[in-house]
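Indexing begins at 1, ligand by ligand and atom by atom, following the structure's order.
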Amino acid sequence: MTYKIITAPGDGVGPEVTAAAVRVLDRVGEVFGHQFQYEEILVGGASIDGTGVPLTESAITAARSGDAVLFGAVGGSAWDQLTPPLRPEKAILGLRQALGAYINLRPGILFPALREASPIKDELLGRGFDLMVVRELTGGIYFGEKGTRDGKYGPEAYDVEVYSEFEVRRIAQKAFQLAQTRRKKVVSVDKANVLESSRLWRRIVEEVAADFPDVELSHMYVDNAAMQVIRDPGQFDVLLTSNLFGDILSDEISMLTGSIGLLPSASLSSGTTGIYEPIHGSAPDLAGLDKANPIGAILSAVMLLEHSLGLTREAQAIRQAVDATLEAGHQTGDIHRSGATIHGTSDLASIICRRITN
Ligand code: IPM
Ligand code: MG
């Protein structure tokens with residue numbers, strides 16, 4: 001089969017890690033007999049420099065024309081002074097909106113080989129963890145009304161957290177469906193002791209739960225959740241969150257695995273297309289140095305194969321190659337463990353490619 005992948009390398013280490021993921025896709029294509037065709041779009045700072053805006057209409061049209069989007073990272077100090085609608089981050093927010101990608105899946109898995117790299121004490125890691133953050137991605141405070149005005153104490157700014165029943169219901173349904181394929185536990189994160197929007201969230205999640213009697217639902221306030229993921233990460237299966245809470249908790253969870261450079265994400269719509277990106281940012285201090293960890297981007301390509309193309313054997317072959325590479329002690333410099341061999345981005349990708357077999 002031939003598939004069309006839209007690449008959006010972006011800024012900082014985005015181009016390096018995206019190139020690594022593309023090489024891995026090509027390798028799996030070679031082994032399993034598929035052809036991947038790529039079309040590159042400009043996003044973020046790269047687009048601002050080239051076109052004056054972080055995301056053009058033509059980039060959106062191209063993104064819609066492919067089977068999926070492989071996204072790198074956006075942002076950097078060169079564009080920090082721009083007004084909000086022109087900031088590089090608008091590219092990813094705009095793409096999520098344009099593709100209707102309201103479901104954000106962020107797996108947090110402790111690789112057995114990297115146990116010692118986790119900053120969490122061994123006894124707290126217990127049997128390790130394998131959880132999934134299901135984050136609502138096109139609503140909440142990110143997309144609510146915002147602005148500046150004159151307030152009681154002078155000039156003030158506001159961002160409104162707003163959720164409709166519809167938005168909560170559709171993301172909750174996804175979380176429960178996913179839980180049915182896993183360990184059948186959903187923890188819904190909110191701040192229902194304070195926020196009206198969280199009380200609506202909780203009510204709708206409970207309604208949805210009634211349709212999934214085989215899945216156990218519990219609720220956790222976000223402050224407690226931030227503590228529990230460190231105290232006992234193994235207790236979680238699916239964590240259902242709003243846009244903002246999921247943004248924060250997923251970075252925290254990534255660190256438990258040993259490095260934020262390891263974790264992928266998938267942003268899915270109700271169709272088959274999606275945006276796949278490592279959750280690390282553009283890491284400008286590492287840009288161009290061939291030091292960034294390509295595994296987050298490579299595992300994002302794995303999620304692309306699974307969710308947008310339905311190529312599960314191919315996805316599994318890459319996962320195994322990544323596991324075997326880490327087991328054999330190969331890694332980039334962001335992971336702290338003794339006795340490992342440190343490689344550059346491109347080298348590590350080559351080592352993973354060599355381990356991909358049918
Ligand atoms: C993420 C990022 C984005 C977000 C930024 C770049 C807009 O932090 O994907 O987690 O907040 O969603
Ligand atoms: Mg984030």
Side-chain angles (χ1 to χ4, degrees), residues 8-15 17-18 21 42-48 53-55 59-60 63 69-80 82-108 131-144 146 159-161 163 167 171 189 222 225-226 229 239-257 259-269 274-284 286-287 292-293 296-297 299-300 303-304:
D11 310 320
V13 299
V17 298
T18 306
L42 287 176
V43 291
S47 176
I48 294 170
V53 293
L55 183 68
I60 292 175
V69 179
L70 189 61
F71 196 94
V74 290
S77 56
W79 309 284
D80 271 353
L82 296 169
T83 58
L86 289 178
R87 287 183 61 93
E89 291 78 8
K90 267 284 163 193
I92 185 63
L93 296 173
L95 262 186
R96 288 170 183 170
Q97 229 178 358
L99 296 188
Y102 68 93
I103 310 158
N104 190 210
L105 303 182
R106 300 192 161 187
L131 60 86
M132 180 72 85
V133 176
V134 178
R135 170 189 175 198
E136 197 292 323
L137 202 58
T138 53
I141 197 165
Y142 274 56
F143 294 95
K146 55 186 81 232
D159 301 88
V160 177
E161 169 83 346
Y163 270 112
E167 289 169 302
I171 192 69
V189 176
V222 63
V229 294
L239 268 152
L240 168 61
T241 76
S242 65
N243 204 344
L244 181 65
F245 294 164
D247 179 46
I248 298 166
L249 289 177
S250 60
D251 267 33
E252 187 191 4
I253 289 163
S254 76
M255 202 52 230
L256 307 182
T257 68
S259 168
I260 194 169
L262 293 164
L263 293 194
S265 76
S267 304
L268 309 172
S269 62
I275 308 164
Y276 300 85
E277 56 173 321
I279 83 158
H280 63 68
S282 56
L286 295 183
N293 192 335
L299 293 177
S300 299
M303 293 186 89
L304 183 157

Minimum-distance pair of heavy atoms, taken over all atoms of [X] and [Y]:
{"X": "Pro15", "Y": "Gly10", "value": "CG-O, 3.6 Å"}
{"X": "Met303", "Y": "Ser265", "value": "SD-C, 3.8 Å"}
{"X": "Leu55", "Y": "Gly94", "value": "CD2-C, 3.8 Å"}

Determine whether [X] and [Y] make a side-chain contact, defined as any pair of heavy atoms from C-beta on separated by less than 4.5 Å.
{"X": "Ile103", "Y": "Leu137", "answer": "no"}
{"X": "Val134", "Y": "Leu105", "answer": "yes"}
{"X": "Ile92", "Y": "Val43", "answer": "no"}

Worksheet item: Just by modelled atom types, is the Tyr142 backbone N or O under 3.5 Å from a matching donor or acceptor in the Asn243 side chain?
Response: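 It does not hold such a pair.
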Practice prompt. Quick one: look at Arg106 and ligand 1, take heavy-atom pairs under 4.0 Å, and tell me if it's side chain, backbone, both or neither.
Written response: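 Near ligand 1, Arg106 shows its side chain, while the N, CA, C and O stay back.
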Worksheet entry | Residue portion contacting ligand 1 (non-hydrogen atoms closer than 4.0 Å) for His280 |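 The answer is neither; His280 stays 4.0 Å or more away.
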Any nitrogen or oxygen of [X], side chain or backbone, less than 3.5 Å from one on ligand 1?
{"X": "Asp251", "answer": "no"}
{"X": "Tyr142", "answer": "yes"}
{"X": "Asp247", "answer": "yes"}

Item to complete: Could I get the full list of salt bridge (Lys or Arg N to Asp or Glu O under 4.0 Å) partners for Asp159, not counting sequence neighbours?
Response: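 With sequence neighbours excluded, Asp159 shows a salt bridge (Lys or Arg N to Asp or Glu O under 4.0 Å) to Lys146, given in chain and number order.
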Worksheet item: Who are the salt bridge (Lys or Arg N to Asp or Glu O under 4.0 Å) partners of Arg87, not counting sequence neighbours?
Response: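 Salt bridge (Lys or Arg N to Asp or Glu O under 4.0 Å) list for Arg87, sorted by chain: Asp80, Glu89.
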Fill in: Nearest neighbour in protein (non-hydrogen) for atom 6 (C) of ligand 1
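Going by distance alone, atom 6 (C) of ligand 1 is nearest to Glu89 CG, 3.8 Å.
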Worksheet item: Is the closest heavy-atom distance from Arg135 to ligand 1 below 4.0 Å?
Response: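 It does; at least one heavy atom falls under 4.0 Å.
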Discussion item. Quick check on contacts: which atoms of ligand 1 are under 4.0 angstrom from a heavy atom of Arg96?
Written reply: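 Selected atoms, number and element: 1 (C), 4 (C), 9 (O), 12 (O).
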Practice prompt. Only protein N/O/S atoms count here: give how many lie under 2.8 Å from the Mg ion (ligand 2).
Written response: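 N, O or S atoms of the protein closer than 2.8 Å: 1.
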Fill in: Qualifying residues under ring-ring contact (aromatic ring centres under 6.0 Å, His included), relative to Tyr102, sequence neighbours excluded
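Tyr102 satisfies ring-ring contact (aromatic ring centres under 6.0 Å, His included) with no other residue.
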